[in-house]
Structure formats: C-alpha cells, structure tokens
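One structure is given here, and the rest of the page talks about it.
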Amino acid sequence: MSRLSVSLPGLNMKNPILPASGCFGFGKEYAKWYDLSLLGGITIKAATLEGRFGNPTPRVAETESGMLNAIGLQNPGVKGIIENELPALEPYNIPILANIAGSTEEEYIEVTRQISASPLVSAVELNISCPNVKEGGIQFGTHYKSAADLTKKVKNVSEKPVYVKLSPNVSNITEMAEAVEEAGADGLSMINTLVGMKLDWRTGNPILANKTGGLSGPAIKPVAIRMIYEVSQKVSLPIIGMGGVSTAEDVLEMMSAGASAVAVGTANFVNPYVCPEIIEKLPELLDEIGVEQISEMTGRSLRQWKTPLSSR
Amino acid sequence: MSRLSVSLPGLNMKNPILPASGCFGFGKEYAKWYDLSLLGGITIKAATLEGRFGNPTPRVAETESGMLNAIGLQNPGVKGIIENELPALEPYNIPILANIAGSTEEEYIEVTRQISASPLVSAVELNISCPNVKEGGIQFGTHYKSAADLTKKVKNVSEKPVYVKLSPNVSNITEMAEAVEEAGADGLSMINTLVGMKLDWRTGNPILANKTGGLSGPAIKPVAIRMIYEVSQKVSLPIIGMGGVSTAEDVLEMMSAGASAVAVGTANFVNPYVCPEIIEKLPELLDEIGVEQISEMTGRSLRQWKTPLSSR
Amino acid sequence: MKKHLLSITSNTEIARNIFEMKLTGPGTATMTVPGQFLHVSVGKHTSKLLRRPLSICDVDFEKEEVTLLYRAQGEGTKQLSQKQPGEIVDVLGPLGNGFFLETIDDSKTALLIGGGIGVPPLYYLGKKLREKGLKVKFILGYQSLEDSFYIEQFQEIGETIVTTVDGSFGIKGFVTDAMDQLTSDEPVIYSVGPAVMLKAVEQKAAGLNGFISLEERMGCGIGACFACVCPTENRQSGYVKICNDGPVFKMGEVVL
Amino acid sequence: MKKHLLSITSNTEIARNIFEMKLTGPGTATMTVPGQFLHVSVGKHTSKLLRRPLSICDVDFEKEEVTLLYRAQGEGTKQLSQKQPGEIVDVLGPLGNGFFLETIDDSKTALLIGGGIGVPPLYYLGKKLREKGLKVKFILGYQSLEDSFYIEQFQEIGETIVTTVDGSFGIKGFVTDAMDQLTSDEPVIYSVGPAVMLKAVEQKAAGLNGFISLEERMGCGIGACFACVCPTENRQSGYVKICNDGPVFKMGEVVL
Ligand SMILES: Cc1cc2nc3c(=O)[nH]c(=O)nc-3n(C[C@H](O)[C@H](O)[C@H](O)COP(=O)(O)OP(=O)(O)OC[C@H]3O[C@@H](n4cnc5c(N)ncnc54)[C@H](O)[C@@H]3O)c2cc1C
Ligand SMILES: Cc1cc2nc3c(=O)[nH]c(=O)nc-3n(C[C@H](O)[C@H](O)[C@H](O)COP(=O)(O)OP(=O)(O)OC[C@H]3O[C@@H](n4cnc5c(N)ncnc54)[C@H](O)[C@@H]3O)c2cc1C
Ligand SMILES: Cc1cc2nc3c(=O)[nH]c(=O)nc-3n(C[C@H](O)[C@H](O)[C@H](O)COP(=O)(O)O)c2cc1C
Ligand SMILES: Cc1cc2nc3c(=O)[nH]c(=O)nc-3n(C[C@H](O)[C@H](O)[C@H](O)COP(=O)(O)O)c2cc1C
Ligand code: FES
Ligand code: FES
C-alpha cells in the first residue's frame, strides 16, 4: 500500500484526489495537459438518459473567491457516454466515478442501470443536488424522504457502489445523510454547490441566463468543512469531500474534517495542473506533520480535537 | 426628499446604508473614525436579557474572501445597553435598529419589551439566526413554526416595528419569510451568516474555540442576493439586505435584487470608513445609470428583467 | 497547450481604458496562429479566480514577445491594467482554433471587420494574410475618437476605414455602414466583435465567404466545463464550444 | 486613529522567515507610543480580507519612517513579504494603549522579556525607556540561532541575554531560564510573547511590578467586534478587549 492510497467502496485509489463532476468534462480535455493516470480517480460529468443541451448562455459568472455556474447538465446522454466517452479513459487505469442525474426517478434508475453495467465504471454518484435544472436534481436533494426512496431504488439496480451527492442548501444535512445511509448508500459525496445569484448593478439583470446558479470555489470551503465534520460524526459512510479545495493543505483540512477522498472542482479552471500539483505536494505536507499514511488523516479532527490556542 | 433617502417601517433613513449588527459594536468605536450622523442608521449589537460573556477565543478565523465569527452574543445585557450605550447615539439623530437575541421565547419577549420602549430605538431586529449559541438563536430560525410563533409574541409586546432576521442555513428561506410575514413582521433582515468551519491542517483542530462559526463577507454575497431575490417575489415586506456588501456597486446590486435598505457588516473591519465611502459614491453611480431616486432601485431586477446578453 | 509564466515588458494605456500589454517568454514561440487566445490569470492572490480570455494581437518571435490589447472594464481587467513591467503573468495558451489561412485563395481581398475590443486579433490576422499575399482592408468600428486605437498600425498593413458611433472620427455609424462600397469585389470576410455586430455583418455579407470569431463567458477555456457553448445546426452534437471548437467559425455555422 | 497609506521603503528577510518592513508617510508622526500596533491590510485585491496586527518596532520621525518586524508564516504575512519598495500599504493606527511610561520610576532597571515574534515592540520600548533614563536589560527568546534577529540592535540599547530552545545560540532553554539571575534587583518587567510564555514570566516574576502585551485573533482591531476579549477579574465588565483596552496590561490583571 502506498503512502497516499485510500480505499473506498468501489474506489481503490492510489491517492485521494479526483476531479469533481462537471469540472473535468469526460477527461479528454485535461488529458492534453497531463497524464490522467496520475489521478486517484475521475468523476465524470453528469449523465442523463437522453442527451441534453443544458441552459442558455451566459452559464458562468465570477464571484469573490468563487464562481456561479448554470450549465444545466449538458451531456450527450448515457448511451453516448458509454460508447464515446468512457472508452477513452480505459488506458489510464484509474477508478471512474459516474455522476448520474435525471428529472424523474425512472430516469435516475435507468441511467444507473446502464452506466453501472459498464466495466469501466467503478462506482456511481447520485446527483440529487444539481441546483440548475427545473426538474429532478435538487428537489430530491432537499427532502429526505425522496432522497432515501431514490437511493433505495438506485441501489437496487446498480451493479456498482452508490455514492449520494448531497446538497448544502438544506437546514439539516445530517438528517439527509442519515436518511440515505439508512436507504443503503455506500458512500456520500459532499458538497454540491450553494444556490447563488449575481446581478449586473448597471442593468439589474442577472448575469446568468438561468438567473440563479451554483456557487463553487474557495468561498464555500468553510461550509463544506463544517458539513463534512458534522455528517461524519453521525454516519459511518465514507465521504468524498469537495467544495473549494485548491491546495494540498485544503485536502488535509478536508480529510481531517472527515473526508476519505477529496474531489477538486473549480480549481481546475484556475490552474489546469492543480490535481497533479496537489498530489505531488501531499507527501511533503505529511512529512511536515509526521504522518505516514494519508488515510490516517480522515476524521482526525474528531478523534483528537481540543481547543486550539492561537500560537505564535 | 433627498435622492438617497429611503423609508422603511420605523426607519426614515437619509440613505439606505446602515452597519450590520455585531459589526459596529454600539457605535462609539466608529464614532472616533467618522461622524456617525452620515449614516442612514445603525444596527446595534445583539441584546440579551442578562449580560453575556460569549464564547472562548479564538472567536474569528479568516477564510477566502470571508471570515468566520463565533462571538456568541457578548453584550452587557439589555439594561446596560439602554442605560450606557444608547444615550451616546442620541446626538447623531439617526434611526437605531436594535438587534434582539435570547435563549428562550420569554427572553426574546422581555428584551423586546424593554428595548423597544426606549425612545432612542426606532425598530427592533429579531435575531433568530445566530449560529453561535447553543440555545435559542438559530433553532428558532430553521423551523418556520417556531419562527412565526416567536414573531407573533414579540410583535405583541414591541412598541416599535419588528424586522425578523433570517438565517440562510435553511432549505427554503421563502417559506420562512412567508411564515413571519403572516405572523405580523414589519420587515425582514437577511441574511445572517452561513454556518462554517475552518481547521488547522497541521493539527486538525478547529481554529475557532467554538469549532463552528458564522461565515460572512463577500464570499456569501451570491447567496444573499439569491435569497433576497427569491423572497422579495413572495412577500411584500421591505427587506434590509446584507451579506458581503462592501462597495456602492454591491449596494445597488442588492437593492436591485429586492432590498430596500442595505446593511454592511464584515467590510467595516476591512475598511472602517467603508460606510461613508459607499454613501458618498452612490450618487455618482446613480448618475451613471440615469436613476434619480435610489428607492427606484429596489426590486428593479424583478420588474424589468430579461435574459442578459454578454456584451462587450 | 501549456501554461506559461510570461514577464511584462510594458503595459500602457493607449486609448481611453484600452491597454496594450507586452509579455515576454519562450512560450510565445507557440503563438503562431492569429485568432487564438490566451487565458490570462488576473493574479495569484486575487479574489478574481477566473481567467480572462484575451486574443493574441501580435507576436514578435525574435523578441519572444506577445502583445495583448484589452479594455480595462471589469474588476479583472482593471487589476491587470495596474500591473507593472517585470511582473509575471500566468497564461494558458495559445487556445482555440484560430483563423485557418491555409485554404484561403491568395488572390482574394480580405476584408477584416472589427468592433471595439474585437479589433485586436485582426492586427495579427492582417499581418499573416499580407505575408500570404492577400490584399487586406480593414473596417474598424469604435464608440468615438477617444475609444479608437491602433489605427496607424492597421494602416501600415492595409486600407483602413474607421467608423464611430458618435461620428467623432471616420464614418458616423456602425461597421456595417462602411461595408456597402466594399462588398462588390467579393472579398473573404473576417469579423470579430459583439454578437449583435457579427449578426449584422453576416446579414450584410450574405452569400460571401467568411469567418467570425465569437466570445462568451468562459470557465475552463479548454473545452471541459461546457460554459461557452453556442448552438449550431451543422454539427451532430447541436452545439459547439467556443473555447475549443472556436472561437472562429465559418459564417452561418453557428446560431447567433 | 487614522487610516494611513504608507509607502514601502524596504522589505527584507533578516532571519529565517522574519522580515523587516520600513514604511514611510506623514502618518508615522503619530506613532509615538511603544507597544501600540498597526492593523495592516494585506492588499487591495487579495482574498485575505482581515488586517494583520503588527507592533510598531521603531519610528524614525525625521525620515517619517516606521519599522515593522514580522514573521511570514500564514498566507497574509507571506503576501506582505512579497511586496516591493514603492508599493503602498494601507494601515490603521496607531492602535491600542501601548506601554505607559509616565508613571515608571526612572531609577529602576527595566527588564524587557520577549519571545519569538513578540520581540519587535521591545525595541521601540527599550529606546524610549533609555531616553527616560532607565537602565534597560533584555532577555530575548528564539527557537534557534537561525530564527534570531535584531540582537545587535538590542545590544546597542542595553544588556541583551539570548535564549534558544535548541541551544544553538545563548542560553539553552526558555526566557524564564534566564530570569533567575536578574530578578534580585526588582526591576520593572515588560514582557511580550506567546500566552504560555507570559504565564511563565508572570509566575517567575510574582510580586514584581510589570506589564505584559497580549495577542489574539482580531476582527476590527478597534474595539467594535468583540473578537479579541480576555477575561479579567479586576474590571466590572469581566473582560477586556485586547485591541482597545490592551494589548498591554498590568501583570496579573488578565486571566491568561
Ligand atoms: C475568445 C475571446 C477573445 C477575447 N479577446 C479580447 C481581447 O483581445 N481584448 C479584450 O479586451 N477583450 C477580449 N475578450 C473579451 C474579454 O475576455 C472580456 O472583456 C474580459 O474577460 C472581461 O473581464 P473583466 O475583468 O473586465 O470583467 P468582469 O465583469 O470582472 O468579468 C467577470 C467574468 O466574466 C467574464 N466576462 C465578462 N465579459 C466578458 C466578455 N465580453 N467575453 C467573455 N467573458 C467575459 C470574465 O472573463 C470573467 O470571467 C475576448 C473574449 C473571448 C471569449
Ligand atoms: C497586538 C499584536 C501585535 C502583534 N505584533 C506582531 C509583530 O510585531 N510581528 C509579528 O510577526 N506578529 C505580530 N503579531 C502576530 C501577528 O498578528 C500574526 O502573526 C499575524 O496576524 C498572522 O497572520 P498570517 O497571515 O501569518 O497568518 P494566517 O494564519 O493567514 O492568519 C489568519 C488570521 O488569523 C490571524 N492570526 C493568526 N495568527 C495570529 C496571532 N498569533 N495573533 C493574532 N492574530 C493571528 C490573522 O491576523 C488573520 O486574521 C501581533 C499580534 C497582536 C495581536
Ligand atoms: C461548471 C461546473 C459544473 C458542474 N457540474 C456538475 C455535475 O454535472 N454534477 C454534479 O454532481 N456536480 C457538478 N458540479 C459541482 C461540483 O462537482 C462540485 O460539487 C462543486 O463545484 C464544489 O466543488 P468546487 O468548489 O471544488 O468546485 C459542477 C460544478 C461546476 C463549477
Ligand atoms: C463579528 C460579527 C458579529 C456578528 N454579530 C451579530 C449579532 O450580534 N446579531 C446579528 O443579528 N448578526 C450578527 N452578525 C451578522 C451580521 O449582522 C450580518 O448579518 C452578516 O455578517 C452578513 O453580513 P456581512 O457579510 O456584511 O458581514 C455578526 C457578524 C459578524 C461578522
Ligand atoms: S470555457 Fe469551459 S468548455 Fe469552454
Ligand atoms: S478586534 Fe474587534 S474588538 Fe478587538
């Protein structure tokens, strides 16, 4: 076992870093920048049953230390993904986490059935937290009964472990996590984006054609850390943490809060090399704090926390 | 009527800018930096029945384009405020919005009764959204029945208009707003801080002694704008907007989203002169877009929005 | 496709809010195709995370120097405009397809039509077309005299007609108002500018051969995030990504 | 209390990660009291919003120049350390109470005890005490030789004993290990350093007259946000604000 390796249901990763869904396409664009086999894994863009064009543009807006997106689940549909996108990832020999979306329970189920059957897919990530589509997505993610029901049904048909991706736009994320754990989820992904909006002060019009969008980037990291910290105390599922991670230090912070692996989203846009750079830096940081295996970092905060003193 | 004046229940403000609760003490510290009579109003720090010491330190942490605080409602108690703090504000002759907190319904009611009777207080702001105390605060702010009940009871005893300060840490802020409108609130203040956390990656320990804290600053502005935009469509109460405002442009953005007045919090720490600087800049910006009265900005986005084009 | 750390050699205001930034470094050697862009980081510590797409305006291969012209308008470009010579700028690129010149008939006249801050890439394009032997004519549209820039530089390459909205310089009106007299010789058209201008140009130039360069708000700039799509009827997918499939398209190919 | 825009005259690393920044501007004329601090903005466009409290280490009134010594440790101070001469730094101050020297008996010896990055304000204090006529002795604690700084400057003012944790320079151990031989002449004690050091100093110096300077994470720096409180038994409120009531307190006044 190498020093950085982590092992989660379906995901045996040589390091805990994987790009977050929607921020890495289906991998091929970043393959022009570096060797994807350096990654711990890849989360691919959301798949729906039929191809979707998504929302009108503008689809992104910049905010302080963050961005809003309202892509709207554009993708070529699950068949297209299985036939045209996944095969290109085979040579890298790393676990693929397939993100799944839909407007109805039936759609989620069918997409899961098809994509989880692909030998190239290691696990599925149930996206019940997309804030940018009118139907499905977040409506499952903010009511814990619907989330649990959907999880159960998807689990029934999935040939691979199921991670449920939670929305931060809820009063009580722990309740949601407990509900999907109870329903049979194999793991959690958290967090998806916070719903946000930006207006042009000159005109008063929203910047995004979709008006609202999902807030991501370093701005939301404190919310992600808090939610992972809270949820990891109450559920025993492994957590793929995400939300604002852009440095190796952020990765260790998030693992300390309770994450077993860490996904990097927005930071890929800022620096296309961010994932391999983080992976390269991690051993150095572990040396600095005298930790041998990175997996020991998970939940460290809970195990040993005491009131810190501000120290010179 | 001057160009910048706005009028809200109990608050006749010569401009729409007031410091946010907890970010301006009881005014006297900033009075050393500039003439407070320049302000549209002042929101004072939360009052509880008895004096409170608040949480252990460290109480603040820095995050990307934001900060976390866990002050814990430190204040000298409502009597102390009425006797020792309010009189110092009299000479400035501007509306005072008194922020009210408590651990129990009874405490909220009694604090309101006492402080709303002060002739120096123009309106009260019911803080049901403080994330930094174990009891009261946010527990009222995340269940809409408790929020409505409390609002009703506080309204019964208040001699001044009541603004309910909403928490963004909810699945559905519109529901909450509708509930307190129904219960008789005179206005809304939104948003309070998002619950967040930061860990020291070296030790895994939380930076804040209280572990979690409230996230404020520009990082959260997109969430605030979205919530104000949504709520203002469903309720007819005036909204005091806040969350990440630090420039005059931000003020106009927030008013366009639906705010009638705008509170400035964290930005005071970055630049103690921020409020008067914003007030000075506003007429310039109004000229630029050809708007005469600033009050026309409120809800502009809803009235006239159309899909914006990205334009050179 | 690479990330380059380039050093600023100059960064000066050449017209109202219009800056010319010259950057030097070995990476410039790859910047050979006009119409491509650099995805420019605003800075390491700034709260403005997203890169700004800026077109390559010129490259001096001997000096290893690339020129960008940009309007300091929003917060990011304003921050760029404050940078001093010697500071390092982090750019990705060259990105996008650029103008393909190989298939163009050298005997043609090229009509290059640019509006506002769409003008910069036409300079590099004009130079390359001249090298190839084409006659090059420019129609450049600005708001006013004060907003106009690089006129002399363009005049060195070819005939240059200027339009201004307020009439303070050249022909009063839009670039399309200057197109009438020129379309008769059936030139190849290259046009860069706001979508509304491109649409008007496409209408005026109906039937002619030409290329337009689009802009859209971008996330990644490299084809991964689907922020910058544009509908098209010609392609199977039903859309193109401006950052990767474009920014240059044949006239009529995309739905403006 | 004012905001000042000061211009960097120098910003150099004087020991491992320890920087000396000199800033100039008319605002420095008000920086007369040792122990006060400046609340320093990291920069205009950075994502690090909060100001950093840094003690005044020295002021040259003729040159209108204030000196700060700081450790580049976290992100904010690292960004400060990258600033170049000529750049502008936005500071609030002078803030806090500072060391009151008026009531001090001139015939006393002053024992100034500093640990790590608590050392800087003792330089300005030592100079002022000397001006007043007191004999000044320093005990300065560092991690190691490599981390030590300003020793020669301190020696010019008074006897200077250095301790290092690893023994690479001076006495091996903590500042308290160097206190024994000196407490006999009942000096006035001034101590700045981490809370744990201050606590140890207070114990060693029990019964003696003295002052300590505290540090805490700050929001506003001016007394408005209640971030930097410290419990005290002597005051009616039950607490003090370090930024405003402090950072200097009489020994024994606050609960460490
Ligand atoms: C392929 C391409 C080439 C371009 N070449 C040039 C050029 O050579 N010179 C030049 O001045 N401008 C050019 N632009 C436009 C330039 O990218 C924007 O003006 C710039 O990004 C605006 O940034 P800001 O900081 O001024 O605005 P802000 O409002 O602070 O920008 C906020 C966000 O919106 C994006 N954005 C805002 N306006 C535009 C726009 N019009 N197009 C694309 N993104 C936008 C920004 O990139 C950023 O992500 C080009 C655009 C594209 C797509
Ligand atoms: C009155 C006073 C005087 C000081 N004088 C000096 C001095 O002369 N030289 C010097 O090097 N340091 C001094 N310090 C400590 C200095 O303020 C911190 O080292 C510095 O703020 C850390 O910033 P950072 O960017 O390195 O760390 P980061 O971890 O990036 O800081 C994050 C946040 O925490 C705060 N913070 C972190 N550590 C401390 C700390 N130890 N004390 C207070 N706030 C902290 C920062 O101000 C910032 O708000 C003083 C502190 C106080 C309260
Ligand atoms: C442009 C963009 C597209 C995204 N698309 C998806 C998606 O298709 N499915 C999904 O589950 N999450 C999607 N997300 C959310 C991210 O996977 C991630 O949860 C979120 O951005 C927080 O991480 P970050 O701050 O590192 O970006 C998207 C995010 C961005 C910025
Ligand atoms: C240090 C600090 C203390 C605060 N104390 C209170 C408080 O006592 N009562 C309250 O209703 N809100 C309190 N808030 C929340 C602010 O009033 C405001 O709602 C929030 O900070 C968002 O605005 P901002 O981003 O402009 O700071 C506090 C915020 C900060 C940063
Ligand atoms: S900007 Fe990401 S796909 Fe074009
Ligand atoms: S830092 Fe705000 S009260 Fe001291």
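Throughout, a chain's letter reflects where its sequence line sits, starting with A, and its residues are numbered from 1.
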Is it the side chain or the backbone of [X] that comes within 4.5 Å of chain A heavy atoms, both, or neither?
X        : result
B:Ile173 : neither
B:Asp200 : backbone
B:Ile289 : side chain

Exercise for the section: Using a cut-off of under 4.5 Å on heavy-atom pairs, state which of A:Asp250, A:Val251, A:Leu285, A:Ile228 scores highest against chain B. Expected result: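 The option with the most such pairs is A:Leu285.
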
To the closest 0.5 Å, what do you measure between [atom1] ([X]) and [atom2] ([Y])?
X        : Y        : atom1 : atom2 : result
A:Met227 : B:Thr212 : CE    : OG1   : 11.5 Å
A:Thr203 : B:Leu252 : OG1   : CG    : 11.5 Å
B:Leu199 : A:Ser256 : CG    : OG    : 6.0 Å
B:Glu230 : A:Lys211 : CD    : NZ    : 10.0 Å
A:Ile220 : B:Thr63  : CD1   : OG1   : 11.5 Å

Problem - Salt-bridge criterion met for B:Glu288 and A:Arg202 (N-O under 4.0 Å) - result: yes

For atom [atom1] of [X], is the number of surrounding heavy atoms from other residues, nucleotides or ligands below 6.0 Å larger than 12?
X        : atom1 : result
B:Gln233 : CD    : yes
A:Glu175 : CD    : yes
B:Glu296 : CD    : yes

Decide yes or no for [X] and [Y]: does some side-chain heavy atom of the first lie under 4.5 Å from some side-chain heavy atom of the second?
X        : Y        : value
B:Val223 : A:Leu215 : yes
A:Glu253 : B:Lys198 : yes
A:Ser65  : B:Pro218 : no

Exercise for the section: Could you pull out the closest heavy-atom pair between B:Arg300 and A:Gly204, with the gap in Å? Expected result: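 Heavy atoms only, the tightest pair is NH2-N, 3.3 Å.
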
Problem - Closest non-hydrogen atom pair, A:Trp201 against B:Met297 - result: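 Nearest pair, atom of A:Trp201 first, then B:Met297: O-CE, 4.2 Å.
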
Handout entry: From A:Val170, A:Asn169, A:Asn172, residue fulfilling side chain to side chain contact (heavy atoms under 4.5 Å, CB included) relative to B:Ser171
Key =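 Between B:Ser171 and the candidates, side chain to side chain contact (heavy atoms under 4.5 Å, CB included) is satisfied uniquely by A:Val170.
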
Practice task
Mind ranking B:Gly217, B:Gly196, B:Pro222 by heavy-atom pairs under 4.5 Å with chain A and telling me who comes out on top?
Solution key: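 Winner by heavy-atom pair count: B:Pro222.
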
